[in-house]
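Sequential numbering from 1 along the given sequence is applied to the chain's residues.
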Amino acid sequence: MRFIKKLAAGLAGTGIVAGAVVTSANPALASNETRAGCPSGYVCLYNTTSYDSGILAKWSSSGAHNLSNVYNDHVIYNNQTDNWIFKVCTGYNGAGCGAAYPQDTAWVLNFTPINSVYVGPS
């Protein structure tokens with residue numbers, strides 16, 4: 001399947017700027033297979049802004065997942081199923097979360113102000 005790049009706007013209220021979004025040409029199938037090394041049912045955070053950089057962290061369970069020493073821009077890809085979302089949060093344990101990012105999308109985000117990632121049902 002192809003990926004389509006779109007320029008994303010800033011995220012309201014979080015001070016986090018989204019660089020680019022990459023979406024699947026066929027969202028109904030995307031989360032049922034491994035994409036860019038990210039297994040189905042996971043949200044994957046990559047080492048840099050490239051999928052080729054490898055996965056720094058990945059989460060499949062619902063809840064807040066704290067980060068440590070993650071700075072600068074990274075790709076984060078939502079390969080979850082059942083319309084689960086992720087949110088990036090400025091506080092630990094899911095405090096101060098911004099907008100929900102839908103299933104089957106990937107974003108380049110600045111993780112310098114981010115201290116946790118929430119994963120769960122929409």
Side-chain angles (χ1 to χ4, degrees):
M1 284 185 223
R2 296 181 326 153
F3 282 110
I4 301 169
K5 284 190 175 184
K6 295 180 182 179
L7 184 61
L11 302 175
T14 64
I16 304 162
V17 177
V21 60
V22 181
T23 59
S24 168
N26 189 345
L29 297 176
S31 60
N32 293 324
E33 59 188 50
T34 297
R35 300 286 309 252
C38 187
S40 174
Y42 282 82
V43 171
C44 296
L45 178 63
Y46 292 82
N47 285 303
T48 68
T49 58
S50 169
Y51 295 117
D52 294 332
S53 67
I55 296 172
L56 177 65
K58 61 184 178 183
W59 308 282
S60 63
S61 60
S62 180
H65 306 279
N66 291 331
L67 301 174
S68 180
N69 297 317
V70 180
Y71 305 103
N72 302 317
D73 293 345
H74 296 265
V75 172
I76 186 166
Y77 178 48
N78 186 355
N79 201 26
Q80 283 283 344
T81 58
D82 299 323
N83 292 314
W84 276 29
I85 53 91
F86 77 85
K87 297 178 182 182
V88 291
C89 313
T90 54
Y92 289 103
N93 302 314
C97 293
Y101 293 88
Q103 175 182 315
D104 301 323
T105 59
W107 297 81
V108 173
L109 300 177
N110 180 353
F111 274 80
T112 301
I114 302 305
N115 287 302
S116 62
V117 174
Y118 169 81
V119 176
S122 57

Less than 4.5 Å apart, side chain to side chain, heavy atoms only: is that true for Ser62 and Tyr118? yes
Do Thr48 and Asp73 have side-chain heavy atoms sitting under 4.5 Å apart? no
If you group Ile, Leu, Val, Met, Phe, Trp and Tyr by side-chain heavy-atom gaps below 4.5 Å, do Ile114 and Val43 land in one group? yes
Heavy atoms only: give me the nearest Asn32-Ser40 pair and the separation to one decimal. CA-OG, 3.6 Å
Would you call the rings of Tyr77 and Tyr51 parallel, tilted or perpendicular, where under 30° means parallel and over 60° means perpendicular? perpendicular
So how far is it from Cys38 SG to Leu45 CG, rounded to the nearest 0.5 Å? 10.0 Å
Give a yes or no on whether Tyr42 and Ile55 share a hydrophobic cluster (residues Ile, Leu, Val, Met, Phe, Trp, Tyr; joining criterion: side-chain heavy atoms under 4.5 Å apart). no
Is there a path from Trp84 to Leu109 through hydrophobic residues (I, L, V, M, F, W, Y) whose side chains come within less than 4.5 Å of each other? yes
Between Ser116 (side chain) and Gly94 (backbone), is there a donor-acceptor pair under 3.5 Å? yes
Once you round to the nearest 0.5 Å, how far does CG of Asn79 lie from CD of Glu33? 8.0 Å
Are the side chain of Asn78 and the backbone N or O of Thr105 linked by a donor-acceptor pair below 3.5 Å? no
Transitive ILVMFWY side-chain link Val108 to Ile85, under 4.5 Å: no
In this structure, CZ of Phe111 is separated from CD1 of Ile76 (nearest 0.5 Å) by 4.0 Å
Single-linkage hydrophobic cluster, 4.5 Å side-chain cutoff, Leu67 and Trp107 together: yes
How long is the span from the OH atom in Tyr101 to the OG atom in Ser122, to the nearest 0.5 Å? 16.0 Å
For Asn66 and Tyr92, indicate whether the former's side chain and the latter's backbone hold a donor-acceptor pair under 3.5 Å. no
Roughly how far, to the nearest 0.5 Å, is the SG atom of Cys44 from the NE2 atom of His74? 14.0 Å
Pairwise distance CG(Asp104) to CG(Asn83) - rounded to 0.5 angstrom: 8.5 Å
Test item: Asn47 side-chain N/O and Ser53 main-chain N/O as donor-acceptor pair under 3.5 Å: yes
